[in-house]
Structures are given as C-alpha cells and as structure tokens.
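Just below is one structure, and these are the notes that go with it.
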Amino acid sequence: MGKLLIVGSMAFDAIETPFGKTGRILGGAGTFIGLAASQFKLDAAIVSVVGDDFPQSYMDILKNKNIDLTGVEVVKGGKTFFWEGKYHNDLNSRDTLVTELNTLADFNPIVPADFTNADVVMLGNLHPNIQMSVINQMEKRPKLIILDTMNFWMNSTWDDLMAVIKKIDVITINDEEARQMTGEYSLVKAAAKIQEMGPKYVVIKKGEHGALLFHKENIFFAPALPLEEVFDPTGAGDTFAGGFAGYLTESGNISFESMKNAIIHGSNLASFCVERFGTDRMVNLQKHEVDSRLMQFRDLTQFNIELT
C-alpha cells in the first residue's frame, strides 16, 4: 500500500452556525485530512502537536481509522490549539472569534521513521517553516507533495511561503487566496502565475461552487454536489484535500487524468463533512455511502452531446 504523511493541526473547535452552536469539539486540519484519507486503502500518519488536555477518546477516533499517531507530540502541561468561529447566514463567510495557538506556536515537527519514505506528503495549512521542516526530513523526494495555505501566511510570511512553494507539486487554495497571491482576478491567469512559482498543479477551491484543477494548458472543473442540508462548513476544505491526497496515494498514479478523479473523490467526501457539526459525519461515514454518492456525482456531470 502507498504511504501518506499528513502534517496539520489537531485542535479544539467551537462553532456557531444558523443551525446551532457547539462547545469545544474535535477539529483541526490534520484531523479532517486524516479522516478523509482513511476512506482509502493506504498507510497514513499524522504529524501534529497537542497539549495533555487533548482527550484520549479523540486520539482513539483516529487510531480506530488505522492512522499512525507516533508523530503526534503531546506537550505535558500544554494546551491544544483552539479556534472559535461564527458563520453568517450564507455559510460562505464567517467571523473568527478566538484563535489560541497554544502548543502550535512552538511546534517542531518530527516525521516518524516509518514515514520518511512516504509516497505522498500532504502539508496542511501551517506556518511555511513547519512545512519546509517536514520536506527536509524526507529521506527521498516523495512522488507528490501537496500544500495547503491561506491568506494569513501570504500576509505575514511571504518569503518563507514562496520558498516552500518552489519545492511542491500541488497547491490547494481558494479563489480569494489565488487572486491575492497573484494580483490576477481571472483564475486562469492566476493559476498560470502560480505554476510559474513552482507547483505543476494548481487546485482552486470555490466552496459550494466546486473546484478547478490546472496543469499547463489543461483545465478540469468539478462541481460541488447540491445538498439539501448544510450544517457546518468547517473542515470541508481539509476534507477535500484529504480525499484528493488519499485517492492519489491509493492509486499510485499522479497523472492529470488521475488528479481529475482525485478532485471528484475530494469533493465527494467534502459533501459529507458539511452535513454535521465538526467531525461527526466523517467519523461514522461508511463505504457504501461514499460509493453511492460518487454515483450521484457521475450522474450530475455526465452527458452525451452530438455535433452536427
């Protein structure tokens, strides 16, 4: 089986949407990526850091998905990263109410020995220096390095971010971030500029409007599945990334055609994530549900056309 190394936060989230409010629940980019990737046949490990306030029951959720946690540092007396946010009625915009870095502020990632030869590395949304540290610990260059980032790092650590971007194969960002990174409104022009920075492939996420994949002159678009109920968009982008990386790790194929399928698998899993608060839906997700919804994606996008 292929090996997937996931680098990302394991955290507490507190979320309010028009449909309700939670207390502190399991969250973090690494958690969502890991749960999504666990739907595929692969060996996965998470590199992260938590405080000793992080419940064993949360660790067990990930262990029960056969995710290696030897790369998760538990800081004695430390507090786990915490984020609190409130979503507006459209669920596309939100206000961050609290961000407490806690143990994440001094995170020094250590890649487990068994995963220094990982086939795919998924660098979750963290400080670029943390992402670079992980790349430098790999004993050989992975088949694929995927990076997620956000506007915060563009604003505060531009040079460090650009250094990492030169070393990766795929970047996943949203449309707003792509425009900020390049100064281009057109996403086609933005993707071309980003490819010049280093990544061979650019994935631009558009939330409820799907995702775009760019490689040289090739463009692929995958819609988001129209859903009757959306409770909480938290973690949907990370779930998408986990599905994308998980599919490519299992398949061992990193061609453009394979990435088109990976985009669909990522979008499919993200459609489940938003149906419940936090990780609830992903923890209990069954394979038959995933397969059934994949068929819905197929029916949504397939058509016959005759040119005369």
Margin query: With rounding to the nearest 0.5 angstrom, report the CG to CG distance, Asp43 to Asp114.
Written below: 9.5 Å

Item checked: With Ser271 via side-chain hydrogen bond (donor to acceptor under 3.5 Å, both in side chains) - residues at least two apart -> Arg293

Next item on the list: Go through the steps for Glu289 and Arg281 under the test salt bridge (charged side-chain N to carboxylate O under 4.0 Å, His left out), then give the verdict.
Entry: CA-CA 11 Å; Glu289 296 177 290; Arg281 189 68 172 96; 2.9 Å; yes

Check: Below 4.5 Å, heavy atoms only, C-beta onward: do Val170 and Ile168 meet side chain to side chain?
Finding: no

Margin query: I need the Leu97 CG to Glu16 CD distance, nearest 0.5 Å.
Written below: 8.0 Å

Notebook entry, point to check: If you measure from CE on Met132 to CD on Gln137, what distance do you get to the nearest 0.5 Å?
Noted result: 12.5 Å

Checklist line | Thr182 vs Lys189 side-chain heavy atoms within contact, under 4.5 Å | finding: no

Next item on the list: Please round to the nearest 0.5 Å and tell me the distance separating atom NZ of Lys76 and atom CG of Asp52.
Entry: 8.0 Å

Next item on the list: Heavy atoms only: give me the nearest Val283-Lys65 pair and the separation to one decimal.
Entry: O-NZ, 2.6 Å

Please tabulate, for side-chain N and O atoms in residues 18-32, each donor-acceptor pair with protein atoms closer than 3.5 Å (sequence neighbours left out).
| from | atom 1 | to | atom 2 | distance (Å) |
| --- | --- | --- | --- | --- |
| Thr22 | OG1 | Ile15 | N | 3.0 |
| Thr31 | OG1 | Gly27 | O | 2.9 |

Next item on the list: Could you give me the CA-CA distance, side-chain angles and deciding distance for Gln180 and Asn155, then say whether side chain to side chain donor-acceptor pair (under 3.5 Å) is met?
Entry: CA-CA 9 Å; Gln180 177 178 336; Asn155 293 334; 2.7 Å; yes

Notebook entry, point to check: So, does Thr17 use its side chain to make a donor-acceptor pair with the main chain of Tyr87 at under 3.5 Å?
Noted result: no

Checklist line | Candidates Phe244, Phe272, Phe240, Phe40 - the one meeting ring-ring contact (aromatic ring centres under 6.0 Å, His included) with His265 | finding: Phe40

Notebook entry, point to check: Any donor-acceptor pair under 3.5 Å linking the side chain of Asp232 with the backbone of Gly278?
Noted result: yes

Next item on the list: May I ask you to check whether Asp160 and Gln131 show a side-chain donor-acceptor distance below 3.5 Å?
Entry: no

Check: Between the side chains of Gln296 and Ser292, is a donor N or O closer than 3.5 angstrom to an acceptor N or O?
Finding: no

Margin query: Among residues at least two apart in sequence or on other chains, which ones pass side-chain hydrogen bond (donor to acceptor under 3.5 Å, both in side chains) with Asn174?
Written below: Glu177

Next item on the list: Could you tell me whether a side-chain N or O of Gln286 sits under 3.5 Å from a main-chain N or O of Asn284, the two making a donor and an acceptor?
Entry: yes

Item checked: Audit row: Asp60, Gln56, side chain to side chain donor-acceptor pair (under 3.5 Å) steps and yes/no -> CA-CA 6 Å; Asp60 291 342; Gln56 183 61 43; 2.9 Å; yes

Notebook entry, point to check: Atom CZ of Phe214 and atom CZ of Phe221: how far apart are they, to the nearest 0.5 Å?
Noted result: 10.5 Å

Checklist line | Student check: side-chain heavy atoms of Leu101 and Phe81 closer than 4.5 Å | finding: yes

Note to self: Contact between Ile61 and Thr279 at the side-chain level, heavy atoms closer than 4.5 Å - yes or no?
What the structure shows: no

Margin query: I'd like to know whether the aromatic ring centres of Phe220 and Phe256 sit less than 6.0 Å apart in this structure.
Written below: no

Next item on the list: Please collect all side chain to side chain donor-acceptor pair (under 3.5 Å) contacts where either partner lies in residues 1-13, sequence neighbours excluded, each pair once.
Entry: Lys3-Asn117

Next item on the list: Could you walk me through whether Asp169 and Lys200 pass the salt bridge (charged side-chain N to carboxylate O under 4.0 Å, His left out) test, one step at a time?
Entry: CA-CA 5 Å; Asp169 303 295; Lys200 304 179 189 72; 2.7 Å; yes

Margin query: Please check this pair: side chain of Ser258 against backbone of Ser255, looking for a donor-acceptor N/O pair closer than 3.5 Å.
Written below: no

Notebook entry, point to check: In terms of hydrophobic clusters joined by side-chain contacts under 4.5 Å, are Leu5 and Ile110 together?
Noted result: no

Checklist line | Residue pair Thr239 / Met282, side-chain heavy-atom distance below 4.5 Å | finding: yes

Next item on the list: Heavy atoms only: give me the nearest Ser267-Ala222 pair and the separation to one decimal.
Entry: OG-CB, 4.3 Å

Next item on the list: Give the intermediate values and the outcome of salt bridge (charged side-chain N to carboxylate O under 4.0 Å, His left out) for residues Asp53 and Lys79.
Entry: CA-CA 6 Å; Asp53 58 345; Lys79 291 186 176 181; over 6 Å; no

Item checked: Tyr185 six-ring face occupied by Arg179 cation (under 6.0 Å, within 45°) -> yes

Notebook entry, point to check: Is the CG atom of Asn89 crowded by more than 12 outside heavy atoms at less than 6.0 Å?
Noted result: no

Check: Which atom pair, heavy atoms only, marks the closest approach of Pro226 to Leu300?
Finding: CD-CD2, 4.0 Å

Notebook entry, point to check: Which atom names give the shortest non-hydrogen contact between Ile135 and Val164, and what distance separates them?
Noted result: CD1-CG1, 4.2 Å

Item checked: Shortest non-hydrogen contact between Ile67 and Gly34, atoms and distance -> CD1-O, 3.5 Å

Next item on the list: Measure the spacing between OH of Tyr201 and CD1 of Ile263 and express it to the nearest 0.5 Å.
Entry: 12.0 Å

Check: Is there side-chain contact between Ile46 and Met122, with at least one heavy-atom pair below 4.5 Å?
Finding: no

Item checked: salt bridge (charged side-chain N to carboxylate O under 4.0 Å, His left out) between Glu196 and Lys193, intermediate numbers included -> CA-CA 5 Å; Glu196 292 173 0; Lys193 275 195 174 181; over 6 Å; no

Next item on the list: With sequence neighbours left out, write down each residue that passes side-chain hydrogen bond (donor to acceptor under 3.5 Å, both in side chains) with Asn268, or none if nothing qualifies.
Entry: none

Margin query: With a 4.5 Å cut-off on side-chain heavy atoms, are Arg94 and His88 touching?
Written below: no

Check: Salt bridge between Asp238 and Lys205, side-chain N to carboxylate O under 4.0 Å?
Finding: no

Next item on the list: Please say whether more than 12 non-hydrogen atoms of neighbouring residues, nucleotides or ligands are located less than 6.0 Å from CG in Asn64.
Entry: yes

Note to self: If only side-chain N and O atoms count, and only distance matters, is there a donor-acceptor pair under 3.5 Å linking Asp90 with Ser93?
What the structure shows: yes

Notebook entry, point to check: Do you reckon Val120 sits in the same ILVMFWY cluster as Met1, going by side-chain contacts under 4.5 Å, direct or chained?
Noted result: no

Check: Which heavy atom of Glu275 sits nearest a heavy atom of Phe231, and at what distance?
Finding: O-CD1, 3.2 Å

Solution key, residues 144-153 side-chain donor-acceptor pairs under 3.5 Å, sequence neighbours excluded:
| from | atom 1 | to | atom 2 | distance (Å) |
| --- | --- | --- | --- | --- |
| Asp148 | OD1 | Thr172 | OG1 | 3.3 |
| Trp153 | NE1 | Asn125 | OD1 | 2.7 |
| Trp153 | NE1 | Leu126 | O | 3.4 |

Item checked: Close side-chain approach of Met59 to Val50, heavy-atom, < 4.5 Å -> yes

Notebook entry, point to check: More than 12 non-hydrogen atoms from neighbouring residues, nucleotides or ligands closer than 6.0 Å to NZ on Lys167, yes or no?
Noted result: no

